[in-house]
Amino acid sequence: MKDLDDLSFNEFDEVINPPPEETDFDRVVDSAMSRRDLFKSVIAFGSVAALGNTLMPSLATAAPNRFAFDAIGTSTDDAIKVPYGYNAHVVVRWGDPLWSSAPEFDHASRGTGASQAKAMGDNNDGMEVYAHGDKTVLICNNEYCNRSVIWGNREGGKATGADDYLKGMNAHGLTAVEIVEKDGQWTIVKDSSYNRRFTPDVAMEITGPAAGHDLMKTAADPAGKEVLGTFNNCGNGSTPWGTYLACEENFNGYFATADQEHKMSPEMKRYGVSPKGRGYGWHEIDPRFDLAKEANEANRHGYVTEVNALDPKSKPKKRTALGRFKHENAEVVVNGDGRIVVYMGDDERGEFLYRYVSNGVYAPGGETDSLLEDGKLYVAKFSDSGGGIWLELTPKSTGMASMAEICIHTRIAASAVGATTMDRPEWVSANPKAAEIYCCLTNNKNRGKKTNAGGDETPVGGPNPREANKYGQIVRWRPSNADHTSDTFEWDLYVLAGNPSVHKDIRGGSKNVNEGNMFNSPDGLKFDSNGLLWIQTDGNYSNEKDFAGQGNNQMLAGDPATGEIRRFLTGPKQCEITGLTWSPDRRTMFVGVQHPGERGEGHWPDGGELTPRSAIIAVRRDDGGLVG
Ligand code: FEO
Ligand code: CA
Ligand code: CA
C-alpha cells in the first residue's frame with residue numbers, strides 16, 4: 001500500500017472503507033454502454049461543446065473582445081507566470097504573523113503550536129475580500145496542513161509530539177486579515193483589529209434543523225448547540241448581506257482512535273469516518289476527536305459556516321439547513337422573487353449536487369439570520385437527454401425520521417431519492433449575466449467501474465460521459481423560466497477536458513480544447529463581474545503519459561457564449577491553484593496557490609532551499625487597469 005500521506009482524500013477514503021462490491025455488474029455495464037452509444041451519436045455532430053453551443057446557447061451576450069490578454073503556454077517551472085502586461089506578487093504566506101507580538105516564520109523550526117495560532121494558516125483555498133469604509137479585509141479558508149512540509153524537518157517527516165499535532169491543528173481553520181495597497185503592492189496590516197484566526201477551538205453556534213438533535217450532543221455540549229471549530233474548508237461562498245461562507249469538506253480524517261477494531265455505524269462509514277484517521281493526530285491531544293471517547297463529535301462537522309469577517313467579535317454559525325456532506329463551495333444567488341438559492345457540490349466520487357432554497361426573502365438591510373436556517377434542501381437528478389429535476393429531501397421523500405436527520409445524514413437522504421451520482425462536484429458558479437450555473441466535475445476514476453460508498457451505481461452517461469474519467473468536465477444548467485427555484489432545468493457540458501495530443505477519442509476533450517489550452521481536473525470556478533468564467537485546476541502535474549504537455553496546475557478563462565478557453569496563469573511546481581476574488585476596485589485579482597512543493601520538489605515562493613509555503617498572490621495589469 002502507498003504511504004497514506006501520499007493518497008488524495010478520495011483515495012484515502014476508499015482504502016479505509018472500500019465501496020460495496022457490485023451486485024449486478026452486468027446490468028451496470030449494459031446500461032453504461034447504451035448511454036455511451038447515445039452520447040457518441042451526439043459527438044458525431046461535432047463534439048459535446050458543439051451540442052452546448054447549438055442546442056443551448058449561453059444567454060450571456062458575447063462581447064467582441066472578452067479576453068484582455070494573450071494566452072500563455074504551460075509551465076513546469078517553480079514560478080508563477082502571467083500574460084504579457086500583467087504582474088503578480090505575494091500578499092500573505094503560510095506562517096506570516098498577523099500580530100507584531102508573534103515571531104516571523106522560522107524556516108528551521110517551521111513554527112510552533114503557539115506561533116501558528118497567531119499566523120496565517122496553511123493551504124489557503126476559498127477566499128473573499130470585503131470593503132469596510134476605507135478598510136479592506138481578506139478572509140480565507142486554511143483547508144488542511146501539508147504534513148510533509150509542516151513536519152518535514154522531523155525524523156521521517158512525522159510529528160514528534162503534542163506540540164507538533166497542535167501546530168498542525170492551528171494551521172487549520174480560517175484567517176481574516178486587513179490588507180492594504182500602496183503603489184500597486186498589497187501587504188497585510190499587522191495588529192489590525194480585523195485580524196483573526198479561527199482555529200479548531202473557536203466556539204461556533206449550531207443553527208437550523210440539526211441544532212439540539214441527539215446526534216449533535218456531546219459530553220462538552222449536552223445541548224447540541226455549540227461546536228468548537230470549522231476545519232478542512234475548501235471552497236467558499238459570499239452572501240449579498242456581506243457574510244462569508246466557509247465550506248467543510250474532508251472533515252472525516254480528523255477523527256480516529258487507538259482501537260482499530262472500534263465499530264463504526266453505517267452512517268459514519270458513508271462519510272468515511274474510520275478508526276484509522278488520516279494521521280493528523282488530533283485525537284492524541286483532544287478527546288473529542290477520539291471516536292471511542294466521543295461518539296457524536298464527527299456529526300458536528302461537514303457543514304457550511306457563516307462568518308462575519310467585519311465583526312471580529314461575531315460568533316460563526318454552522319448552517320445545518322444546507323446539509324452535511326463534503327462541501328466544496330456554496331454559490332449564493334438571489335432569485336427574482338428575493339428567495340436565496342445556494343448551489344453546492346459534494347466532492348467525492350459518485351456523490352451528488354445540491355440546492356438550497358430559503359423560505360424567506362432577502363431585502364437589503366432587512367433580517368438575514370433566518371435565510372440560511374429556514375429553507376428546503378434538494379438534490380439533482382439529470383436525465384441523459386439534457387433535462388433534469390431537483391428532488392426535495394423531506395421525511396416523506398426519503399423515509400427518514402426528521403429534517404434534523406436529513407441535514408445530518410444528507411448523503412443517505414440523497415441516495416434514497418435516486419439522485420444522479422456525479423464525477424466529484426467541485427466549485428459551482430452562477431453567471432452574473434444570465435440565469436445559468438456552471439459546476440466543475442473534476443475527475444472520477446470509478447465512473448462506470450465502482451459504486452459510491454452508499455452502493456449507488458455510477459453508470460456512464462448524462463453529465464458524466466466517460467468511463468474512469470481522468471480529465472474532468474464542466475456541466476452547466478439553466479433553470480426553467482430563468483427561475484432558480486424551479487424544479488426543472490436543462491443542462492449541457494461547457495467543456496470536456498482532455499489531452500488531444502495523446503488521445504484522438506473522447507479522452508481528447510471537446511472541440512473547445514486543443515493542444516494550446518489543454519488542462520486536467522477543473523476544480524475552482526468563478527465568474528467575474530463581466531461574465532468571464534475563471535477555471536482553476538487541481539490536477540495531475542506529472543506532465544507525462546495521459547497528462548503529457550499539461551504542465552503545472554493553472555488558471556484559465558472561458559467565454560460562456562463562444563466556448564473559447566484561454567490559459568491565463570500557471571503555478572509553481574506541485575501546487576494547486578484555488579481560490580479567487582477581486583479587490584473592491586477590481587484592479588487586483590487575488591489568486592490562491594495551495595500546497596506548492598507538496599512532494600518535495602519546489603521551494604516557492606521564498607526560493608533557494610527554503611520551505612515551500614502556500615500563499616495568496618495579487619495579480620494586476622502593468623497599466624493598473626481593471627482585471628475583472
Ligand atoms: Fe478541497 Fe474538492 O477540493
Ligand atoms: Ca477544491
Ligand atoms: Ca484540492
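Side-chain polar atoms of T230 and E248 form a donor-acceptor pair below 3.5 angstrom.
Judged by the 6.0 Å distance and 45° axis criteria, R476 is not positioned over the aromatic ring of Y494. Relative to the six-membered ring of F105, R110 misses at least one condition, a distance below 6.0 Å or an angle of at most 45° to the axis.
Classified by interplanar angle (parallel below 30°, tilted 30° to 60°, perpendicular above 60°), the ring pair Y144/H595 is tilted. Ring-plane geometry between F489 and W477 is classed as tilted, the angle between the planes lying from 30 to 60 degrees on a 0 to 90 degree scale. Between Y362 and W241, the ring planes are tilted. Angles from 30° to 60° get that label.
With respect to the salt-bridge test (charged N to carboxylate O, under 4.0 angstrom), the residues D347 and R424 qualify. Remark: R93 engages D606 in a salt bridge, criterion side-chain N to carboxylate O under 4.0 Å. Between E249 and K326, none of the side-chain N atoms (NZ, or NE/NH1/NH2) sits under 4.0 Å from a carboxylate O, so this pair counts as no salt bridge. Between R447 and E467, none of the side-chain N atoms (NZ, or NE/NH1/NH2) sits under 4.0 Å from a carboxylate O, so this pair counts as no salt bridge. For R349 and E351, the salt-bridge test fails: no basic side-chain N is under 4.0 Å from an acidic carboxylate O.
Side chain of N446 to main chain of G448: no donor-acceptor pair is present (N/O by atom type, distance under 3.5 Å, no hydrogens or angles).
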